[in-house]
Amino acid sequence: EFVGAYAANLMMHGDIDISVVRSKPFSIEEVFDIFRNLYFKGAFRSYFIGGDWDDPRKGKEFPHGYYIGMKQRVEDEKWKIDVWFIGEEDFNNREKEFNVSNILLTDEQKETILDFKQYRNKNKLSIPSQKIYETVLKHGCKTIGELGEFLNKQEI
């Protein structure tokens, strides 16, 4: 399943998020086998692997599962592919929560989200895209000023 900005047509740079979902959760051994196969194909310049990120300080940004990340340059642009291997139950629970790729966005909402992302990137702010989606779609923020006010209240 493609998820995130790519699935919602809100990409600002080369970052594709994929969830590989099956009925039972993946084991670390299975993910290491997949990682090994991807690594030896050699199609990327960097590879990353991560365990189950259930650190409460991370919030709900990451699913419960295993992660493989791959990076490559394509025509002088950095591309990153994030692949999460998760069980169907966790995927379905995450889908019940706020997921921008499942929402029909208006052109105005898309433009506002992209403006906010551009502002974040230009000013090197540490604001997760998920938080930007929520400020626009759940809280109706339409200007950079409103974004700042909302985030200050949230202590981001």
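If you read the sequence from its start, that first residue is 1, and numbering goes on from there.
Between W84 atom CH2 and S19 atom OG the span is 9.0 Å, to the nearest 0.5 Å. Rounding to the nearest 0.5 angstrom, the gap separating the CZ atom in F116 from the CD1 atom in I132 is 8.0 Å. Between atom CD of residue Q118 and atom CG of residue L114 there is a gap of 8.5 Å, rounded to the nearest 0.5 Å.
Counting heavy-atom neighbours within 6.0 Å of Y119 OH, excluding the residue itself, gives a total of 12 or less. The number of heavy-atom neighbours closer than 6.0 Å to CD of Q72, taken from other residues, nucleotides and ligands shown, is above 12. Around the OH atom of Y39, the shell of radius 6.0 Å holds no more than 12 heavy atoms that belong to other residues, nucleotides or ligands. Within 6.0 Å of atom CZ in R45, more than 12 heavy atoms from other residues, nucleotides or ligands are found, so the atom counts as buried in its surroundings. Other residues, nucleotides and ligands place no more than 12 heavy atoms under 6.0 Å from the CG atom of D107. More than 12 heavy atoms of other residues, nucleotides or ligands lie within 6.0 Å of CD in E77, so this atom counts as buried by the packing criterion.
Between the side chain of D90 and the backbone N or O of I86, no donor-acceptor pair lies under 3.5 Å.
With sequence neighbours excluded, the residues that form a side chain to side chain contact (heavy atoms under 4.5 Å, CB included) with E146 are C141, K142, T143. Under the ring pair (Phe, Tyr, Trp, His ring centres under 6.0 Å) criterion, Y6 pairs with F2, sequence neighbours left out. A search for salt bridge (charged side-chain N to carboxylate O under 4.0 Å, His left out) contacts involving R22 returns E30, not counting sequence neighbours. Remark: S23 pairs with E88 by the side chain to side chain contact (heavy atoms under 4.5 Å, CB included) rule, at least two apart or across chains. Residues meeting the side chain to side chain contact (heavy atoms under 4.5 Å, CB included) test with D82, sequence neighbours left out: D15, D17, Y67, K80.
Remark: the R120 side chain and the S126 side chain contain no N/O donor-acceptor pair separated by less than 3.5 Å.
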Legend entry - Stepwise side chain to side chain contact (heavy atoms under 4.5 Å, CB included) test for I103 and Y133: CA-CA 11 Å; I103 297 171; Y133 305 149; over 6 Å; no

Inset, instruction - Show your reasoning for whether side chain to side chain contact (heavy atoms under 4.5 Å, CB included) applies to I49 and Y66. - result: CA-CA 8 Å; I49 190 163; Y66 296 99; over 6 Å; no

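Sorted by first and then second residue, the pairs that involve residues 9-32 and meet ring pair (Phe, Tyr, Trp, His ring centres under 6.0 Å), not counting sequence neighbours, are F26-F85.
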